[in-house]
Amino acid sequence: MPSSEMLYVFQPSAQPAELDEWLALLAARGGGPSLLRLGPTPVIAAAETAEITAPAGLPRPVATVRAGGGVRLTRREIRPEGTVVSIGPARIGDGRLAVFAGPCAVESREQMDAVVGAVAAGNGVVGLRGGAFKPRTSPYAFHGLKWSGLDLLQEAREKTGLPILTEVVDTRHVERVAEIADAFQIGARNMQNFELLREVGETGRPVVLKRGFGCTVDETLSAAEYILAAGNDQVILCERGIRTFEHATRFTLDISAVALLKQRSHLPVMVDPSHSTGRPNLVAPVSLAAVAAGADALLIDVHAQPEQALCDGAQALRPSGFHELMGRLEMLVLGLGRDVSVVMDVDVRDATVAGIA
């Protein structure tokens, strides 16, 4: 790819024949053009050339963006108004704060009923999180219930009406997970698993892409490019902490990256205060700081009995602490001129009727 190139952004209504004419015009100028798509939006990338005047009858680009360094479709200039990602009935990136909550790992039906009932009863929760497949540092640790865990997540959605977000760890699992989950999560350890990124991109399903704990902001955006280049613009960038010399917390949450990603990319930004701090007493202050920095969404671990959790129990909030945090978040976002998101047409009181609250 040339070190400097131009991106020509067109309206979604641009016709294939019209785009072909643009490609031929740029090719004749030595631009070596290629056609990309940011969801429904056509984008032509070409080597930077002298200014081109389009022949009469051809649609003009709605934006012309100078790019370079391997980052094309994530650039804020391509979609200045920002991208709104839909996960089931939930919308992330529309200006409101969206909260996804649940256990780090799905452990049993009893555990899920207790946690999901508490989460669904919390005002402002728009989705459930839970890991059926858990990539762990040790091969001897709990690696999830796998497909039976995914079945329990599906049951939780049926009881609450809330969409589910779960991690996919293997390209061979993508199709089957897509049949059940409302959105994929790509964990920090898989952020640069490029074949997995391509595979989930081709499904068109929403993807929460977690920043690798040893990766830069540029590398995170480049990883997102793999998903967007497959035609999928439903991507949420997730800051979950990076590894530094500081050992007082599990990782160091990069608050500056939240603001920087919002400035550099049109994609919504989520923050995971649980995995970053590793300490429940820090989840609330870090969540408040993330929202103040501009985060569109939060991803929070909640467990009814953290001391008995099979995975990352030390970082999970108890239901009482989670409800307290939701109250504080509501006050903060109102002060910032925002609001807490809700899932339309979903009555979480149905969770009580289902016997899980």
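Closest heavy-atom contact between V235 and P268: O-CD, 3.4 Å. Nearest heavy-atom pair, W22 versus P59, reported as atom, atom and distance to 0.1 Å: NE1-O, 2.9 Å. The shortest heavy-atom contact between A309 and E107 is CA-OE2, 3.4 Å. Looking at every heavy atom in both residues, F10 comes nearest to T41 through O-CG2, 3.3 Å. Heavy atoms only, all atoms of each residue included: L26 and A46 are closest at CD1-CB, 4.2 Å.
Environment of CD in E175: sparse, with no more than 12 heavy atoms of neighbouring residues, nucleotides or ligands closer than 6.0 Å. By the neighbour-count criterion of 12 heavy atoms within 6.0 Å, atom CZ of R250 is densely surrounded, having more than that number from other residues, nucleotides or ligands.
Donor-acceptor pairing under 3.5 Å is lacking for the side chains of Q315 and S274. A side-chain N or O of D254 and one of S256 form a donor-acceptor pair less than 3.5 Å apart. Judged by distance alone, the side chains of R189 and T137 do bring a donor and an acceptor atom under 3.5 Å apart.
D301 CG to C104 SG: the interatomic distance, rounded to the nearest 0.5 Å, is 5.0 Å. Summarising the geometry, atom NE2 belonging to H275 is positioned 13.5 Å from atom CD belonging to E239; distances are rounded to the nearest 0.5 Å. If you take CZ on R136 and CZ on F142, they are separated by 8.5 Å, rounding to the nearest 0.5 Å. With rounding to the nearest 0.5 Å, the separation of CD in E195 from OH in Y226 is 8.5 Å.
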- Message: For V71 and S222: C-alpha separation, side-chain torsions, deciding distance, then whether side chain to side chain contact (heavy atoms under 4.5 Å, CB included) applies.
- Response: CA-CA 6 Å; V71 176; S222 291; 4.0 Å; yes
- Message: R264 vs T74, test: side-chain hydrogen bond (donor to acceptor under 3.5 Å, both in side chains). Steps then yes/no.
- Response: CA-CA 8 Å; R264 292 184 55 183; T74 58; over 6 Å; no
- Query: Going through the checks in order, is the side chain to side chain contact (heavy atoms under 4.5 Å, CB included) test met by S265 and L221?
  - Reply: CA-CA 8 Å; S265 175; L221 292 173; 3.9 Å; yes
- Task: Could you check L299 against Q185 for side chain to side chain contact (heavy atoms under 4.5 Å, CB included), going step by step and ending with a plain yes or no?
- Result: CA-CA 11 Å; L299 187 65; Q185 175 183 301; 3.8 Å; yes
- Before giving the answer on salt bridge (Lys or Arg N to Asp or Glu O under 4.0 Å), spell out for R318 and E307 the whole-Å C-alpha distance, their side-chain angles and the decisive distance to 0.1 Å. CA-CA 10 Å; R318 296 180 185 273; E307 66 280 358; 2.9 Å; yes
- Full working for salt bridge (Lys or Arg N to Asp or Glu O under 4.0 Å) between E48 and R66: CA-CA 8 Å; E48 188 171 0; R66 180 173 283 104; 2.5 Å; yes
- Audit row: R157, D182, salt bridge (Lys or Arg N to Asp or Glu O under 4.0 Å) steps and yes/no: CA-CA 10 Å; R157 179 177 56 205; D182 296 284; 2.8 Å; yes
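The closest side-chain heavy-atom distance from M270 to L298 is not below 4.5 Å. Side-chain atoms of R328 and L288, non-hydrogen and from C-beta on, do get closer than 4.5 Å to each other. Looking at L162 and V125, their side chains come closer than 4.5 Å, going by heavy atoms from C-beta outward. L317 is listed as a side-chain neighbour of I300, based on a closest heavy-atom distance under 4.5 Å. Side-chain contact between P306 and P280 is absent, with no heavy atoms from C-beta onward closer than 4.5 Å. Between L38 and R79, the closest side-chain pair of non-hydrogen atoms falls below 4.5 Å. When side chains are defined from C-beta on, E330 does not count as touching L97, because their heavy atoms never get closer than 4.5 Å. Here the side chains of V269 and I236 are not in contact, with every heavy-atom distance at 4.5 Å or above.
Proximity of the aromatic rings of F133 and H173 is defined here by a centroid distance below 6.0 angstrom, and this criterion is met.
No donor-acceptor distance shorter than 3.5 angstrom exists from the side chain of H303 to the backbone of P319, with no hydrogens or angles considered. Between the side chain of T244 and the backbone N or O of T252 there is no donor-acceptor pair closer than 3.5 Å.
Here R72 pairs with E5 in a salt bridge; the nearest charged N to carboxylate O distance falls below 4.0 Å. A salt bridge between R129 and E167 is absent, with no side-chain N of the basic residue lying under 4.0 Å from a carboxylate O of the acidic one.
Figure legend: R240 and F251 shown as a cation-pi pair, the cationic atom lying under 6.0 angstrom from the six-membered ring centre and within 45 degrees of its axis.
Cluster annotation: I242 is not connected to V217 through the hydrophobic network of ILVMFWY side chains, with a link wherever side-chain heavy atoms come within less than 4.5 Å. By the rule that hydrophobic residues join a cluster once side-chain heavy atoms approach within less than 4.5 Å of another member, V84 and I87 end up as members of separate clusters.
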